[in-house]
Amino acid sequence: MDHYDSQQTNDYMQPEEDWDRDLLLDPAWEKQQRKTFTAWCNSHLRKAGTQIENIEEDFRDGLKLMLLLEVISGERLAKPERGKMRVHKISNVNKALDFIASKGVKLVSIGAEGKAYLWCHSLQQPRMDNLQRSPAPLPGELIPCDLPIAFYFIIDINKLHFTFKSPQHDDPLTNLNTAFDVAEKYLDIPKMLDAEDIVGTARPDEKAIMTYVSSFYHAFSGAQKAETAANRICKVLAVNQENEQLMEDYEKLASDLLEWIRRTIPWLENRVPENTMHAMQQKLEDFRDYRRLHKPPKVQEKCQLEINFNTLQTKLRLSNRPAFMPSEGRMVSDINNAWGCLEQVEKGYEEWLLNEIRRLERLDHLAEKFRQKASIHEAWTDGKEAMLRQKDYETATLSEIKALLKKHEAFESDLAAHQDRVEQIAAIAQELNELDYYDSPSVNARCQKICDQWDNLGALTQKRREALERTEKLLETIDQLYLEYAKRAAPFNNWMEGAMEDLQDTFIVHTIEEIQGLTTAHEQFKATLPDADKERLAILGIHNEVSKIVQTYHVNMAGTNPYTTITPQEINGKWDHVRQLVPRRDQALTEEHARQQHNERLRKQFGAQANVIGPWIQTKMEEIGRISIEMHGTLEDQLSHLRQYEKSIVNYKPKIDQLEGDHQLIQEALIFDNKHTNYTMEHIRVGWEQLLTTIARTINEVENQILTRDAKGISQEQMNEFRASFNHFDRKKTGMMDTDDFRACLISMGYNMGEAEFARIMSIVDPNRLGVVTFQAFIDFMSRETADTDTADQVMASFKILAGDKNYITMDELRRELPPDQAEYCIARMAPYTGPDSVPGALDYMSFSTALYGESDL
């Protein structure tokens, strides 16, 4: 190869006197020279967006000749003359020839007015390229045998003659045309030669062929640089695409979670009460389904959202990208605020449901009590108005008048005894109205009817008394026995009616003490039955005495007591009914006592488990807090330990589920308080959810520390030193340093900074402006200068190589050098190039490169 280089160099630089003079007179040779040189010139001029058709005419004014030299050399020539006169054209050509001579190229028989071809210039073009590139190889080096150029010719190194033959066929013309077509199509090398001229000539022109062969060197040299640039861009774009996908995933997950919270809060804020107990219990069941089935997956989504956000921020820092700022209203803090509102509304909703159930229970009890008392009163008042309106005293005898008067007194006594019942009915109706009973109109109407009737009875009673008293002076005889019977029978009858009402009255209790109080009251009532039985026998004795007097003195009586309608049969019947109701009341109280004992067992069972689970959750939360601050060993050991710790926590879930089951039994039994524990199921649920979220967040922090360590090459000893320094200045032991702690840490490390410098550092370690520095951000800051990451300038330089040193790049160049998906990615995001050298379809790769690293908007 050295021999070839020296020989070729000598031959290449031979003066024009060594040329075969005979060829200069050959028209075919001159045609071949003109065609080859024209194609060679156009291969360079097309970079400037122009070309030539005729050498003598297009180079005559020197303008395109100067442009050709600028493209080849990469330098600016002197400003050309723009005039159309011959002197201007000669001046431009002289400037071009002077520039060629200044580069050490020997010009022979060429002047400003000459017509000779610049073959010496074209053959020494590699020398001019050396101004910016490494030395170009000689033609013998341009065609290594291991490159698939698909070109079928062999170079005779010793004689420097070119021979052409088919490696497989005796058809060199087809082989050469195929090679020229392949080079023009795939290597962008113009067709400078004709196969017929080469095959049909005994000695083809060596310099024309050398010019064509030199184009292969430039083609392969540019392809290798383009491949390197494309690989760098692919790497950067792949990282950017992955980060954008993570951002889209975060935005979608955050949007879905916020949309679910937005739909759920109005449902929980709905405080429209139902009219029936069954409907309210259905609302409570729907709420339980929400707590058991619908909310837990959303808790996991919220935790996963925070993990994805932290992982994305870590990857952006590792790839030298700006921190990710979610869309307005979708920050992690926004989601936490929305979640807090949801839990606040949720708590109020559960309290409202329980209060409504208590209210409806109370309303049902009061409504039933109202109906019973109203029915008893209406039964008592039935016919009373008609009785008071009678004028039987007008035709009655004296004894009858006296009887009517005494009867009226007995009625007044009975009427006064019923006053309490009327007041109770009115009080119950008022309470139903105050508690917003759904059927209040009918209750009010019935109560108003009873009150109006009661007022009417009072007026009629007063009117009848006045009439009887006017007639009393005429009547003197009165049956004292009937009167005494009536006076004693009426209160006793009222007592029995009250006893029957009390024995049939429904009751609501929530504790054993309450049912024991009712049982004690019932036992006291049963203790009064012997005295009541004596009173009954005394009343019946009065009636028997009346019968005896009637039979003895043959009194003309109708056989009924004129003073009362209460008969001994009624007293005995009601007494028998009271005696029947007593054992029924005993049974109801016994059953309720048993139910309250069962409820008490449920309270104790729930309290025993809650008093164990609650402190266990608190202890685990404190242990996780200590682990996150006082981590020992390698990060992998810490991660393994935390995952084992997480597994032990997850294995505790069956006990939480068991407590949930006990809590459901308590709610189904309508137990509203529990003196055996201070923990509620809500406390346990919130603590459990916080425990799972805390251990998952701690594991994510260690994983991000591993990513940072591996990406930045931090040793375990350095990690331990970082942890020791961080823990030392974390005075509150919260796992985060506030601004004062971080400032003290920087000062201890020798940083001498003002407020502006400290604010700049805080913008790096706290991009979200939360006012705290996490351990992950602290590690990133301490090792920020050790990572080997790509920069915007490096990517910009890679694009410049693909663009052929232009300030813009075209879509065809991107599609040719990059994979299809990443080429389309660049085309969709690159802005049109607007520089002075712009061409149609030009794209601005510089602004695109700076936007990849957050230095401008993409």
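Predicted, not measured: the structure shown is a model, and the values here were computed from it.
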Open item on the list: I'd like to know whether Asp502 forms a salt bridge (Lys or Arg N to Asp or Glu O under 4.0 Å) with Arg585, so could you lay out the CA-CA distance, the side-chain angles of the two residues, the decisive distance to 0.1 Å, and finally the verdict.
Closed with: CA-CA 10 Å; Asp502 292 339; Arg585 185 74 169 182; over 6 Å; no

TODO: I would like to know whether Val650 and Lys647 meet side chain to side chain contact (heavy atoms under 4.5 Å, CB included); could you show each step before the answer?
DONE: CA-CA 5 Å; Val650 173; Lys647 183 177 181 182; 5.7 Å; no

TODO: Apply side chain to side chain donor-acceptor pair (under 3.5 Å) to Glu668 and Gln664, showing your working.
DONE: CA-CA 6 Å; Glu668 291 173 353; Gln664 183 175 356; 3.2 Å; yes

Task: side chain to side chain contact (heavy atoms under 4.5 Å, CB included) between Trp616 and Leu691, intermediate numbers included - done: CA-CA 11 Å; Trp616 181 86; Leu691 180 60; 3.8 Å; yes

TODO: Mind running salt bridge (Lys or Arg N to Asp or Glu O under 4.0 Å) on Arg595 and Glu592 for me, showing each step along the way?
DONE: CA-CA 5 Å; Arg595 190 176 74 87; Glu592 182 61 27; 2.8 Å; yes

- [ ] Check the pair Gln605, Gln609 against side chain to side chain contact (heavy atoms under 4.5 Å, CB included), reporting the backbone distance first and the verdict last.
- [x] CA-CA 7 Å; Gln605 181 177 341; Gln609 295 186 65; 3.9 Å; yes

Open item on the list: Using the rule given for side chain to side chain contact (heavy atoms under 4.5 Å, CB included), can you reason through His577 versus Met496, listing the C-alpha separation, both sets of side-chain angles and the distance that settles it, and then say yes or no?
Closed with: CA-CA 9 Å; His577 192 201; Met496 287 192 299; over 6 Å; no

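The two atoms that bring Cys341 and Ile265 nearest to each other are CB-CD1, 4.3 Å, heavy atoms only. Scanning both residues, Tyr652 and Val612, for their nearest heavy atoms gives OH-CG1, 4.2 Å. Heavy-atom minimum distance, Arg371 versus Glu368: NH2-OE1, 3.0 Å. Taking both residues in full, the closest heavy atoms of Val578 and Ala499 are given as CG2-CB, 4.5 Å, listed atom of the first, atom of the second, then distance. Smallest separation of non-hydrogen atoms from Ile764 and Pro767: O-CD, 3.7 Å. Nearest heavy-atom pair across Ala426 and Cys447 is CA-SG, 3.8 Å.
If you check the side chains of Thr314 and Arg317, you find a donor sitting under 3.5 Å from an acceptor. For Gln245 and Gln241, the side-chain atoms include no donor-acceptor pair closer than 3.5 Å. Checking His522 against Thr519 by side-chain atom types alone, no donor-acceptor pair falls below 3.5 Å.
Aromatic ring pairs are classed by plane angle as parallel below 30°, tilted from 30° to 60° and perpendicular above 60°; the pair Tyr250 and Phe309 is tilted.
At least one donor-acceptor pair closer than 3.5 Å links the side chain of Asn611 to the backbone N or O of His676. In this structure a side-chain-to-backbone donor-acceptor pair under 3.5 Å is present from Gln504 to Met500. Without hydrogens or angle criteria, Thr264 side chain to Trp260 main chain gives a donor-acceptor distance under 3.5 Å. For the pair Asp766 (side chain) and Gly771 (backbone), a donor-acceptor distance under 3.5 Å is present.
For Trp495, the ring-ring contact (aromatic ring centres under 6.0 Å, His included) test picks out Phe492, with sequence neighbours left out. Residues passing the ring-ring contact (aromatic ring centres under 6.0 Å, His included) test with Trp339: none are found, sequence neighbours excluded. By the side-chain hydrogen bond (donor to acceptor under 3.5 Å, both in side chains) test, Gln690 is found to be paired with no residue, residues two or more places apart in sequence or in another chain being considered. Partners of Asn336 by side-chain contact (heavy atoms from CB on, under 4.5 Å), not counting sequence neighbours, listed by chain and number: Lys302, Glu306, Val332. For Glu689, the side-chain contact (heavy atoms from CB on, under 4.5 Å) test picks out Lys295, Val299, Glu343, with sequence neighbours left out. With sequence neighbours excluded, the residues satisfying side-chain contact (heavy atoms from CB on, under 4.5 Å) with Arg579 are Trp575. Partners of Leu253 by side-chain contact (heavy atoms from CB on, under 4.5 Å), not counting sequence neighbours, listed by chain and number: Glu301, Leu305, Asn308. Under the rule for a ring-ring contact (aromatic ring centres under 6.0 Å, His included), Tyr679 has no partner lying at least two apart in sequence or in another chain. Residues meeting the ring-ring contact (aromatic ring centres under 6.0 Å, His included) test with Phe525, sequence neighbours left out: none. For His377, the side-chain hydrogen bond (donor to acceptor under 3.5 Å, both in side chains) test picks out no residue, with sequence neighbours left out. Every residue was checked against the salt bridge (Lys or Arg N to Asp or Glu O under 4.0 Å) condition with Asp662, not counting sequence neighbours, and none meets it.
Residues Lys373 and Lys369 are in side-chain contact: their nearest non-hydrogen atoms beyond the backbone lie under 4.5 Å apart. Two residues are said to be in side-chain contact when any heavy atoms from C-beta on lie closer than 4.5 Å; Met762 and Val773 meet this criterion. Within the 4.5 Å cutoff, no side-chain heavy atoms of Lys675 are placed close to those of Arg603. Residues Leu602 and His663 fail the side-chain proximity criterion, which asks for heavy atoms closer than 4.5 Å.
Other residues, nucleotides and ligands contribute at most 12 non-hydrogen atoms within 6.0 Å of the CD atom of Glu328. Within a 6.0 Å radius of NZ in Lys252, other residues, nucleotides and ligands contribute 12 heavy atoms or fewer. The 12-atom threshold is not exceeded at CG of Asn678, counting heavy atoms of other residues, nucleotides or ligands nearer than 6.0 Å. Within a 6.0 Å sphere centred on CZ of Arg263, other residues, nucleotides and ligands contribute more than 12 heavy atoms.
Under the 4.0 Å criterion applied to side-chain N and carboxylate O atoms, Glu259 and Arg262 are assigned as salt-bridge partners.
Screening residues 648-660 for salt bridge (charged side-chain N to carboxylate O under 4.0 Å, His left out) gives Lys653-Asp657, Glu660-Arg685 as the qualifying pairs, with residues at least two apart or on separate chains.
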